[in-house]
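One structure is given below, encoded as C-alpha cells.
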Amino acid sequence: MDTVSRHPSGFALITHERPDAETVALGVFINAGTRDETEAEHGAAHCLEHMAFKGTRTRSAYQIVAEIEGLGGDINAETSHETTSYTARMLAEDWRAGLDVLLDIVTAPRFAPDDLELERGVICQEIAGSLDDPDDRVTDGVGLAAFEGQAVGRPILGTTQSVGAISVDSLDAFRARTGVASQVVLSVAGPISHAALADHVDRLAPAFPGSQAVPRPRPHFAPGRFADVRDTHDTHLALAWEGPGYSDPQAVPNALALQVLGGGMTSRLFQSIREEHGLAYAIDAYPLTFLDGGLGVLQTATAPEQVSHMKRQVLEQMRRLADGITESELAAAKRQFRASLAMGAESLSAIAARNARQLTAMGRLRGREEIQSLIDAASLADVRDTWQRVMDASQFALAGVGSQQALDVWFD
C-alpha cells in the first residue's frame, strides 16, 4: 500500500508498506541535477553529492558509512540530469538509524575547504576514466549534440576545468537554490507504516534551505553534431531524435516502438546489424526521458571501414519501422514491459525510486495497474503514428568517437 503526505515544511513523504519484508529501502530524492546548473556551476550537483559524504556538523565521513555498514546495511548516492538521490538499504529494524544518517548528510553537510580539495581530485579521476571510455564519451556526446548550449545536455560529472573552479561558496549557493523543501521527496519501501515515518521525521525536524523552486527552461532539441577524433579500434556511434517527456501521452507508444527497434536480441536492429550483417557486437535503442521532454537514442560501435554500411542499415531499419511493426512484435514488446513492471515490484529500492519519480513528475503516484493499462491501451496505430512522426521530422543529432575519416562518413 502506498501512502503520500506533505510535511508542514514542504517536503513530501511516501511509504510503500510491505509488512512481509525483512529489509527496508530508504531514499531522499531531490528534484535537482545537472540541468539546474549554470554554465559556471557545471559539475556542482555531482560534486555536492560527493561532498555530502565528507562529513556533517555531527558526523565524520567515517561515521556516516560506519553507522550504516555497522548495521549490515549499505548507503549510496547518485546524480542524474534531473535528480540527486541519497539511499540506504538495511534491516527493517534499523530504519530509524538509517533515516537519521540520510537526513543528516542532506540537511547538514559540512563543506570544509580541505575536504573539497581532496574530493576534487577524486572527481577528476572519475572524469578522466569517463573520457578514456569511448562508450561513455559518445553517450555524453549525443546529449551535447542534441541539446547544444543547454545544461540538460551537459555531462553529469562536469569537466576538469569546471570542477576545478567549484568552491565551498558555490556549493553552498547551489544547494540553497536547488535543495529547497518543495523539491524533496522522502520515499521508503518496506515494513514501515506511514504514521511511524511521519512521527520519526517530526522528531528529527530536518531543515531544508529556502522554499521556492527555481523554474527550469524546457529542453530544446537541435540536430547537432559531436565528434571526438581519436585512434580507436572501433568507431563509437550515436544517433538521437526528440522524444516525449515522462508524462506525455506519447511516452508509452514511443517506448514500445524503441523496444521493437532496438530493445533486445530479438529487436530489428540486433537481428539486422549483428545477426545478418555482423557489423557490431551490440546495438541498442532506448528512450532518455526527462520531466518535460526527452530523446530517443540509438547507440553502437563498429569497425571504421564499416561505418558507411552501418549507417545504411540503421536508417533502413528505422524507415521500415514506420509502417512495418506487426501485432506480434507489439505483443512481445508489451510482454517485456509487463515483465519489467513485475520485476520492479519485487525490488524495494526500485519501488522507492519509482514512487519519488512519479510524485515529482505528475504530482501523484501511478499504480502498477494504471501503468499496465496504459501499455495495454497502446494500439498498433498509436505506435506506428508515433514513429512516423519521428521519421517525418528527419531531425537527428549525431555523435561519434573515432578517426576523422570514419566520423566524416557518419556525419555525411
Side-chain angles (χ1 to χ4, degrees), residues 1-5 12-29 31 72-78 80 82-83 85-95 98-99 102 185-198 244-249 251-260 263-266 284 286-291 294 330-378 383:
M1 181 178 68
D2 294 318
T3 307
V4 181
S5 67
L13 301 174
I14 307 174
T15 52
H16 175 83
E17 193 168 352
R18 186 74 67 82
D20 60 330
E22 295 184 49
T23 63
V24 64
L26 310 165
V28 180
F29 299 85
N31 185 31
D74 61 75
I75 186 170
N76 207 346
E78 183 179 5
S80 72
E82 294 189 308
T83 307
S85 61
Y86 302 86
T87 57
R89 186 77 189 271
M90 58 207 312
L91 292 170
E93 64 202 60
D94 299 317
W95 71 268
L99 189 59
L102 286 181
V185 178
L186 201 169
S187 182
V188 306
I192 302 174
S193 72
H194 197 77
L197 176 67
Y246 186 82
S247 57
D248 191 303
V252 171
N254 178 71
L256 289 166
L258 287 172
Q259 181 68 27
V260 174
M265 294 175 66
T266 58
D284 299 292
Y286 56 91
L288 181 61
T289 306
F290 304 124
L291 296 181
L330 180 57
K334 289 184 175 184
R335 191 78 173 182
Q336 287 285 337
F337 283 22
R338 179 183 171 190
S340 179
L341 282 173
M343 293 173 192
E346 295 176 357
S347 166
L348 295 178
S349 296
I351 291 168
R354 179 204 67 198
N355 282 350
R357 177 72 165 170
Q358 289 182 354
L359 189 65
T360 299
M362 307 183 69
R364 65 181 183 88
L365 302 187
R366 291 192 301 190
R368 179 177 165 186
E369 295 78 10
E370 181 181 349
I371 298 171
Q372 185 63 56
S373 69
L374 292 173
I375 295 168
D376 293 340
V383 178

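These numbers were taken from a predicted model, which means no experiment stands behind them.
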field: Heavy-atom neighbours of Arg366 CZ exceed 12 at 6.0 Å
entry: yes
task: Determine, step by step, whether Phe29 and Thr87 satisfy the side-chain contact (heavy atoms from CB on, under 4.5 Å) criterion, reporting the C-alpha distance in whole Å, the side-chain angles of both residues, the deciding distance to 0.1 Å, and the verdict.
output: CA-CA 8 Å; Phe29 299 85; Thr87 57; 4.1 Å; yes
Gap separating the CG atom of Leu197 from the CH2 atom of Trp95, nearest 0.5 angstrom: 5.5 Å
message: Please evaluate residues Leu341 and Ile375 with respect to the criterion side-chain contact (heavy atoms from CB on, under 4.5 Å), reporting the C-alpha separation (whole Å), side-chain torsions for both, the decisive distance (0.1 Å), and the verdict.
response: CA-CA 11 Å; Leu341 282 173; Ile375 295 168; 3.9 Å; yes
- prompt: Who passes side-chain contact (heavy atoms from CB on, under 4.5 Å) against Val4, sequence neighbours left out?
  reply: Ile14, Leu359, Leu365
- line: CG (Leu256) and CG (Leu374) are apart, to the nearest 0.5 Å, by 10.5 Å
Inter-residue atom distance Thr289.OG1 - Asn254.CG, 0.5 Å rounding: 7.5 Å
- prompt: Where do Leu291 and Ala361 come nearest, in terms of heavy atoms and distance?
  reply: CD2-CB, 3.4 Å
Under the side-chain contact (heavy atoms from CB on, under 4.5 Å) test, residues paired with Thr266 that sit two or more places apart: none
query: Closest approach of Thr83 and Arg357, non-hydrogen atoms and distance?
result: OG1-NH1, 4.2 Å
task: Please list, chain by chain and in numerical order, all residues satisfying side-chain hydrogen bond (donor to acceptor under 3.5 Å, both in side chains) with Asp94, sequence neighbours excluded.
output: none
- prompt: Got a second to check how far Tyr246's OH is from Met362's CE, nearest 0.5 Å?
  reply: 7.5 Å
query: Can you list the residues that meet the side-chain contact (heavy atoms from CB on, under 4.5 Å) rule with Ala332, with sequence neighbours excluded?
result: none
task: Measure across Ala378 and Lys334 and return the closest heavy-atom pair with its distance rounded to 0.1 Å.
output: O-NZ, 2.7 Å
- line: Residues passing the salt bridge (Lys or Arg N to Asp or Glu O under 4.0 Å) test with Glu370, sequence neighbours excluded, are Arg364
statement: In this structure, CG of Asn355 is separated from OG1 of Thr3 (nearest 0.5 Å) by 10.0 Å
- line: From the list His16, Glu346, Arg368, side chain to side chain contact (heavy atoms under 4.5 Å, CB included) partner of Ile351 resolves to His16
- request: Could you tell me whether a side-chain N or O of Ser340 sits under 3.5 Å from a main-chain N or O of Gln336, the two making a donor and an acceptor?
  value: no
message: side-chain contact (heavy atoms from CB on, under 4.5 Å), that's the test. Do Arg335 and Arg338 meet it? Break it down for me.
response: CA-CA 5 Å; Arg335 191 78 173 182; Arg338 179 183 171 190; 2.9 Å; yes
message: Using 0.5 Å steps for rounding, measure from the CG atom of Leu99 to the CE atom of Met90.
response: 10.0 Å
task: Heavy atoms only: give me the nearest Ala350-Gly344 pair and the separation to one decimal.
output: CB-O, 3.8 Å
message: So which atom in Ala352 and which in Ser187 form the shortest heavy-atom distance, rounded to 0.1 Å?
response: O-OG, 2.8 Å
task: Could you walk me through whether Glu17 and His194 pass side-chain contact (heavy atoms from CB on, under 4.5 Å), step by step?
output: CA-CA 8 Å; Glu17 193 168 352; His194 197 77; 6.0 Å; no
- request: With sequence neighbours excluded, tell me which residues meet salt bridge (Lys or Arg N to Asp or Glu O under 4.0 Å) with Arg18.
  value: none
- line: Residues Ala251 and Pro244: closest non-hydrogen pair is CA-CG, 3.7 Å
